[in-house]
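When a ligand or atom number is given, it counts from 1 through the structure's own listing order. All figures in this text were calculated on a predicted structure; none of them were measured in a lab. In this chain, numbering begins with 1 at the start of the sequence shown.
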Amino acid sequence: MSVLKGYSGRGLRVNPSDEEISKETLDSKVLKKYLGGAGLGTKILFDELESGIDPLAGENKLIFLTGPLNGTLMPLAKGHIVVSKSPLSGTVCKSSSGGLFGAEMKSAGFDYIILEGKSETPVYLLVSSNGVEIKDAQYLWGKTTHETEDLIKNREQGNLQRAGERDVCVSSIGPAGENLVRFACIINEKHNAAGRGGLGAVMGSKKVKAIAVRGRKDIPIANVNRLVKLREEMLDKMKDSSFGEGFSKFGTTDTVPVANIHGIYPTRNFQEGVFEPFEDFDPKEIVDKYAIRDKSCFGCPIHCNKVVKLTNNSGETITDRQEYETFFALGGNCGNSDIEKVILSGDKCNRLGVDTISMGVTISFAFELAQKGILNKNIDGLKMEWGNTESISFLIEKIAYRDGFGDLLADGSARAAEQLGKRAEKYAMTVKNMEIAGYDPRGAKGIGLTYAVASRGACHKFAYTLKEEMWTGKVDRFTEKGKAELVKNLSDINSLLHSAIICTFPMDQSAFGLEEIKRGLKHVTGWNFTEKSLLRVGERTVNLQRLFNIREGFTYEDDTLPERFLKEPLKDGPAKGKTVDLDKMLSEYYKLRGWNAKGEPKKGKLNELNIS
Ligand code: SF4
């Protein structure tokens, strides 16, 4: 049997309820069609899951995946992907994360780890080149993600050092995952989140507190010399591009002033598109004032991640990953202009293990309900008012621990609205129950279509149209025309990148393209892809995700946007007077995809993509 290049060649399946551990061999035919990551995870979930199961039941599966590129010398081949049925949206959900976990998992000998069943008591998994163990985690239950990582490292360090290995890499859940908060996330290396869709709650439902991995196996590579040459070329190209220059200085925080200037920075629960206190927002000030060092994902020369230090009355906080999405969700969208408090709230979310986007948008939903008189202005002793940083901080805790009013919000804004009635659903800014990300689609129509059709709910990463609509301005952001094609093309590319597993940021910013991915895959796996066949991998994954969701009962009626974007024009700013005409874009999108008028893939399309 020939050795698979670019893969460890094995998957791991663990059922903690009966302590069953099995190893399986990867099938090269399936890998050529789906590569790994999002594609392979979707394929496994589609084949193995019964439709209609409760995402928090033992029948659901939680799959951690790497891809052929990550853990190799290919630059930016970062992180890993987690796939499951989402307890927030009920759709298939892939969540990507940076950090070293994926590379370690692969060199520990596994391209994927599938968790199934449910343990009676809390456990964690130790996966190393020495073997796989299910270990007691009762002493970790209730701990934050940071505490969990430190405790596991302390315990395992001695064992691994004796076996000649270095420290473990830990992915864990915090109290939010244990308490089945529907937007709980999974954190690795304290600051990298598989953030969206509540996959931390799936892990919590299985009572798996953490997975610790440590590997030392080399991954076989088809042509190392050519890969090294490609690496050098790509690094030179990135150094000379505006991406290398700007992104390495500020990461994604420089999106705050750009989105604000374009009038699409979500403000006070998407009521406005310009947040006045951030009109002078300068990402350089954050770096100058708080950054103490740069940090990068595995094999990435960009170092877009800034480690920052804050000192205040309660002591010193060192944290990293200052992301635009956190600055919108816990900043302007909650009416909060206190930058230090935004950073601290983001850090609190990471420690408690909860998605900052859904958290911020759910809190802003509650604030707007109080503004509109649907909720009291004072709940559980907290003032429900815009920009009240004390309330924001306490609400994060109350939600993570399902305490009092937090219990209602812990199921997400759409479910909370259903419980509350009184037209509250009008203010839940969600698609398929997932809270909307950081761009108001009234001022960038393409991102509106992205939110409506993204496989996991309102996800901006499905097709990041903002490069064309905002950063370069290559297309008219106010028109619906041409956006269906843009979203289709970008979503195929993004699905491919999340399957090969390589950071999407440089592609979003034109620092490299499909040509480099094609050559990278050739040098790593030895397989000859054309640009067309690569895009087919992405397209196949998007179609399989669609089939999964249809099987779960989703229809074209779920491809929609909150009423606010469709009927309520923005009152001020550069996007003043705009709404989204979604129907026009949707029918064009379905046609381009080869789907019928109800958004279902036609037989001919499935045959063409060889989906069986
Ligand atoms: S650009 Fe940033 S997010 Fe992407 S791989 Fe590099 S350090 Fe990680």
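- Sorted by first then second residue, the side-chain hydrogen bond (donor to acceptor under 3.5 Å, both in side chains) pairs that include residues 451-460, not counting sequence neighbours, are Glu325-His460, Ser455-Gln545.
- Listed by atom number, the atoms of ligand 1 under 4.0 Å from Phe505 heavy atoms are 3 (S), 4 (Fe).
- Lys461 forms a cation-pi arrangement with Phe505, by the criterion of a distance under 6.0 Å to the ring centre and an angle within 45° of the ring axis.
- For Asp320, the salt bridge (charged side-chain N to carboxylate O under 4.0 Å, His left out) test picks out Lys295, with sequence neighbours left out.
- Contact annotation: Cys503 places an N, O or S atom under 2.8 Å from atom 4 (Fe) of ligand 1.
- Near Cys304, the atoms of ligand 1 lying under 4.0 angstrom from a non-hydrogen atom of the residue are 2 (Fe), 3 (S), 7 (S).
- The environment of NZ in Lys143 is sparse: at most 12 heavy-atom neighbours from other residues, nucleotides or ligands sit within 6.0 Å.
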